[in-house]
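Some notes on the structure that comes next.
Every heavy atom of this structure was used, including side-chain atoms; hydrogens, water molecules and symmetry mates were not.
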Amino acid sequence: MCITLSLSSKPCIGVCNGSLQSPKSMVTTARTEVITAPKRPNTFPGLTKQGISEIDLRVQEVVRRQSWTNSLVGEVNCRKPRFEPMFIDDAYDKCRNICAEYAKTFYLGTLLMTKERQKAIWAIYGNNETLRTDELVDGPNAEYMSPAVLERWEERLQDIFEGRPYDMLDAALSDTVCNFPLDTKPFRDMIEGMRMDTRKSRYESFQELYHYCYYVAGTVGLMSVPVMGIAPESSVSAYTIYNAALYLGIGNQLTNILRDVGEDALRGRVYLPQDELAQFGLTDKDVFSRKVTDAWRDFMKEQIIRARSFFNLAEEGASQLDKDSRWPVWSALMLYRKILDAIEDNDYDNLTKRAYVGRTKKLLTLPLAYTRALSKPSLYLR
């Protein structure tokens, strides 16, 4: 990634026409349909009730903060900055280009969204900490990382939410928070995920990895719910839908980890549970050797099953989203899930190969996702 960071807090001028929309949509299955997903997260191996409870509290707080009625959004979250129309359009285009370049599978799903939701997701995914903080940790700016830099980044985030963006990317996000009931909480939690990345490059257990995945990716799911909207006819709680979004984010991050094992190893990072590697007679040395053995294949099979289980849990909230959001979310989920299929097709070689889904497969997935998106909320409740 090559995003230049500007950490000063100079205010810019901006515009806001707060128009809010309702939520909806998520997921699918491919090979995954043969796997039975656990109905509750505490059935995941290596995940304790105490660890889940900590994340639950965070989710509950985000639900509470982002559950303002549409009429209050502008008053609560937005200082209504003013932007020239051409400037803000260019700002969103810049976010779109970042998303298209660095999140190709996800980006395809955004092309199916309504225009306002599309722009908001580009601003969240392309402008916010999802990509920019990743760049701070793993990109050319990583050597300059320090607690002080992260504190300044949090201050800059506050400026964005108060209508004082510094650059074009900030402006797009500042405009977005005027249009949707977004809160700073999940954004700040994502910055905390960055702090974790600066402190450690190993995770002793899945418990630790789950927390990391919440901070760097589950938070993106929580940010997305107000943009996608919840179906008026949904009979489940907002908390249930937010949890489904959380699981989708965690499933995506686990998939990223499994896809990028070889690339991360070249940077000296191993985002795999150390205790589970040991159960299969593996260590970091085996990861760095880049040799695919039978033990590695067996280990990867278990990791893929768990990642798919999170996608399955995400499906439970898919049909609860606003009808205009279901198709893009189902598409994004189904396409991401196919990356796991690609790892299997590569005979579990994610040490020297990078799994990817070809364009033809992606396009063939869209009609299937559309069919799933036609289902009404009540049909997928368990």
Side-chain angles (χ1 to χ4, degrees), residues 18 20-27 39-42 47 49-78 117 120-121 123-125 128-130 157-158 161 173 176-193 210-211 213-253 310-311 313-323 325-326 329 333 377-378 380-382:
L20 188 25
Q21 315 200 349
S22 323
K24 197 142 227 172
S25 141
M26 221 156 344
V27 303
K39 300 197 184 222
R40 296 212 174 266
N42 60 12
L47 203 52
K49 291 182 179 180
Q50 180 179 1
I52 296 235
S53 296
E54 180 182 335
I55 301 302
D56 275 350
L57 290 175
R58 292 184 175 275
V59 173
Q60 289 173 29
E61 184 177 358
V62 172
V63 173
R64 179 179 59 80
R65 292 185 177 204
Q66 294 190 160
S67 292
W68 302 99
T69 60
N70 295 0
S71 61
L72 293 177
V73 174
E75 298 175 26
V76 176
N77 289 336
C78 180
R117 287 184 173 121
I121 293 298
I124 290 172
Y125 200 94
N128 78 28
E129 286 60 36
T130 314
L157 175 66
Q158 191 61 40
F161 272 77
L173 185 56
T176 292
V177 303
C178 292
N179 298 332
F180 299 91
L182 293 164
D183 187 79
T184 60
K185 172 68 175 167
F187 292 86
R188 292 187 186 284
D189 279 353
M190 181 175 278
I191 294 176
E192 183 59 31
Y210 177 78
H211 279 73
C213 288
Y214 161 74
Y215 284 110
V216 299
T219 49
V220 180
L222 302 184
M223 297 170 198
S224 301
V225 173
V227 176
M228 295 304 174
I230 298 174
E233 66 271 26
S234 174
S235 60
V236 304
S237 67
Y239 175 72
T240 298
I241 296 169
Y242 270 84
N243 261 335
L246 167 69
Y247 298 143
L248 180 56
I250 290 177
N252 286 347
Q253 184 63 21
F310 276 100
F311 284 131
L313 282 173
E315 286 193 22
E316 298 190 13
S319 55
Q320 307 302 316
L321 295 175
D322 183 77
K323 61 182 179 63
S325 297
R326 292 175 201 162
V329 176
L333 187 145
S378 59
Y380 280 90
L381 288 179
R382 297 181 182 180

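- The CG atom of Leu248 lies 12.0 Å from the CD atom of Gln253; values are rounded to the nearest 0.5 Å.
- Atom CE of Met190 and atom CG of Leu222 lie 9.5 Å apart (nearest 0.5 Å).
- Across every non-hydrogen atom of Gln66 and Asp183, the tightest pair is OE1-N, 3.2 Å.
- Residues Leu313 and Leu246 are not in side-chain contact: their nearest non-hydrogen atoms beyond the backbone lie 4.5 Å or more apart.
- Using a 4.5 Å cut-off on side-chain heavy atoms (C-beta onward), Val62 and Arg58 make no contact.
- Nearest heavy-atom pair, Leu182 versus Phe161, reported as atom, atom and distance to 0.1 Å: O-CE2, 3.5 Å.
- What you find for Ser237 and Thr240 is that their closest heavy atoms are OG-OG1, 2.9 Å.
- Closest heavy-atom contact between Phe180 and Val227: CD2-CA, 3.7 Å.
- Annotation for Tyr215 and Asp189: closest pair CD2-O, 3.0 Å, computed over non-hydrogen atoms.
- Annotation for Gly221 and Ala245: closest pair O-CB, 3.4 Å, computed over non-hydrogen atoms.
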Q.
Walk me through whether Asn252 and Phe310 qualify under side-chain contact (heavy atoms from CB on, under 4.5 Å).
A. CA-CA 9 Å; Asn252 286 347; Phe310 276 100; over 6 Å; no
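- The CD atom of Gln320 sits 15.5 Å away from atom CE of Met228, with the distance rounded to the nearest 0.5 Å.
- Ionic pairing of Arg188 and Glu192 is not present here: no N-O contact between side-chain nitrogen and carboxylate oxygen is shorter than 4.0 angstrom.
- Using a 4.5 Å heavy-atom threshold, the side chains of Asp56 and Tyr239 count as touching.
- Taking CD of Gln60 as the start and CG of Asn243 as the end, the distance is 8.5 Å to the nearest 0.5 Å.
- Side-chain rings of Tyr247 and Phe311 stay apart, their centers remaining 6.0 Å or farther from each other.
- Distance check, rounded to the nearest 0.5 Å: OG of Ser224 to CD1 of Ile121 gives 4.0 Å.
- Rounding to the nearest 0.5 Å places OH of Tyr214 at 9.0 Å from CD1 of Ile250.
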(Q) Run Met223 and Thr219 through side-chain contact (heavy atoms from CB on, under 4.5 Å) and show every step you take. (A) CA-CA 6 Å; Met223 297 170 198; Thr219 49; 4.1 Å; yes
